[in-house]
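Only heavy atoms go into these numbers, but all of them, side chains included; no hydrogens, no water, no symmetry mates. Protein chains get the first letters and strands the later ones, always in sequence-line order, with residue 1 at the start of each.
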Number of protein chains: 2
Amino acid sequence: MTELEKGPTGSRRGRGARERIISASQQLFREQGINRTGMNELCAAAEVSKRTAYQHFTGKDELVAEYLRRFDPSVLSGVFDRTDLTPRERLLAAFDISPDTPLCPYIAAAVELHDPQHPASQYARDYKKAVAARLADTAREAGAADPEQLGEQLALLIDGAAARTRVLDADAFPTAAAIAAVLIDNALPATAGHNRRREGVSS
Amino acid sequence: MTELEKGPTGSRRGRGARERIISASQQLFREQGINRTGMNELCAAAEVSKRTAYQHFTGKDELVAEYLRRFDPSVLSGVFDRTDLTPRERLLAAFDISPDTPLCPYIAAAVELHDPQHPASQYARDYKKAVAARLADTAREAGAADPEQLGEQLALLIDGAAARTRVLDADAFPTAAAIAAVLIDNALPATAGHNRRREGVSS
DNA sequence: CGTTAAGCACACCAGGCGGTGTACTTAACT
DNA sequence: AGTTAAGTACACCGCCTGGTGTGCTTAACG
């Protein structure tokens with residue numbers, strides 16, 4: 001029928017045009033930005049006919065939203081589910097996204113789309129809240145006095161590092177990690193379970 | 001001659017079209033974003049003929065750069081030059097931009113233009129560095145152990161609050177201020193000269 | 001006064017944008 | 001083999017974009 005929910009695999013019949021489109025969007029939207037990437041260009045890169053693209057997505061807006069939804073590639077779960085680390089180490093590991101990451105696409109989308117009502121903007125909000133929540137969970141696990149506050153604070157540090165990295169074109173995550181270490185040490189009761197040799201936590 | 005450097009007042013002869021253009025750009029670029037504001041629309045809002053606009057600015061890019069340059073409206077100097085506050089209080093006052101401020105236009109421009117070589121992007125970088133430098137100066141004045149580091153940290157907090165406010169559509173500056181208070185207290189020797197009784201720093 | 005330049009009105013451009021219509025091919029499943 | 005749907009090719013749409021060309025009016029200044 002018209003709607004058959006062909007499933008995330010997309011490999012029911014054709015040659016998987018949908019996946020190619022999304023894959024191309026991941027590349028182009030990140031490299032060039034959303035507004036600077038036209039549908040013509042995107043379809044060409046995906047080696048997909050324009051008509052096909054508009055049979056999978058009602059419009060660019062929907063594609064953009066899907067582009068954001070298909071992101072998280074373990075960036076979130078890949079950090080928080082590491083059982084080899086203590087909760088405290090996991091909190092700090094969230095700042096090790098150092099390698100090359102261009103910029104948090106959620107911030108970029110919110111700025112580029114400029115419309116809080118846009119589906120993608122709404123998803124960006126949800127995602128940011130989810131990250132803060134997981135940070136809070138981990139903070140609670142680590143025994144923080146006020147886990148929600150610490151989670152929100154660490155989330156702000158991550159966003160600050162992302163924004164600053166973008167504007168200054170220089171990695172700001174080490175600075176954010178240093179702040180995080182201070183905040184964590186301040187929020188956690190001084191249990192001797194982990195050797196905390198941070199400097200200068202005077203107060 | 002063709003170039004006569006008519007001066008910033010612009011009131012040499014005409015009715016000050018240039019100022020009206022810049023004024024309109026301040027409004028529209030902030031409200032709608034740079035990419036979503038066309039030159040037609042902008043000229044209409046400024047009540048300026050399109051032709052006149054292109055006689056003042058060689059292109060939209062130049063106007064965007066000028067738009068950023070004409071910003072600072074004491075946001076920077078208005079905070080750091082307050083002699084009624086102690087250096088420590090001045091550092092914290094930088095987080096009181098709470099009222100309504102839509103979002104730091106420098107971050108927005110860097111994201112929207114998406115080109116680090118764009119004049120406006122370069123200026124945004126310079127401005128961010130300048131803010132960090134002034135924060136560092138004030139930190140030094142306050143007697144911080146490592147003023148450069150504290151300045152960079154506080155700058156990151158401001159950018160984080162700005163970005164997060166934009167994405168979440170909720171004021172994130174109080175959280176940033178709370179972190180700032182912790183960092184400042186940690187960085188400053190515990191001199192009794194100023195009563196450090198800031199509220200909301202629950203940790 | 002006349003010169004000079006700031007500003008204006010408006011038609012116009014090429015090109016990109018998001019998005020469609022139509023007629024076609026291909027291939028999986030029955 | 002026949003059905004069915006996924007995918008294709010490509011011309012085409014109206015609209016808006018940044019940007020011009022041309023000829024005109026207005027007003028400050030010497």
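Ring planes of B/Y123 and B/Y106: tilted class, angle from 30 to 60°.
With hydrogens and angles left out, the side-chain atoms of A/T58 and A/E62 include a donor and acceptor closer than 3.5 Å.
In this structure, B/L42 atom CG and D/dT17 atom P are separated by 11 Å, rounded to whole Å. With rounding to whole Å, B/H56 atom NE2 is found 12 Å from C/dC8 atom C1'. When rounded to the nearest whole Å, the span between CG of B/L63 and C1' of D/dT17 equals 15 Å. Computed from coordinates, the A/E112 CD to C/dC17 C1' distance equals 15 Å when rounded to whole Å. Whole-Å rounding puts the A/F29 CZ to C/dG18 P distance at 8 Å. For the pair B/R36 CZ and D/dG18 C1', the computed distance is 17 Å after rounding to whole Å. Across the protein-nucleic acid pair, A/N40 atom CG and C/dG15 atom P stand 15 Å apart, rounded to whole Å. Between the CG atom of B/N35 and the P atom of C/dC17 there is a distance of 12 Å, given to the nearest Å.
You'll find that the side chain of B/K50 is closest to D/dT20, out of D/dT20, D/dA9, C/dG18. Closest to the side chain of A/Y54, from the set C/dT20, D/dA9, D/dT20, is C/dT20.
Residue A/E47 qualifies as open at atom CD: its count of foreign heavy atoms under 6.0 Å is 12 or below. Around atom CD of B/E31, more than 12 heavy atoms belonging to other residues, nucleotides or ligands sit under 6.0 Å away.
Between the side chain of B/K60 and the base of D/dG19 there is no donor-acceptor pair of N/O atoms closer than 3.5 Å. A donor and an acceptor atom sit less than 3.5 Å apart, one in the side chain of B/R51 and one in the base of D/dG21.
Using a 4.0 Å heavy-atom criterion, one finds that B/E47 contacts the sugar-phosphate atoms exclusively.
Between B/Q55 and B/T58, the residue whose closest nucleotide on DNA chain D is further toward the 5' end is B/T58.
At the phosphate of C/dC8, OP1 or OP2 sits under 4.0 Å from a side-chain N or O atom of B/T52.
Annotation: B/F29 is in aromatic contact with B/Y67 [ring centroid separation under 6.0 Å].
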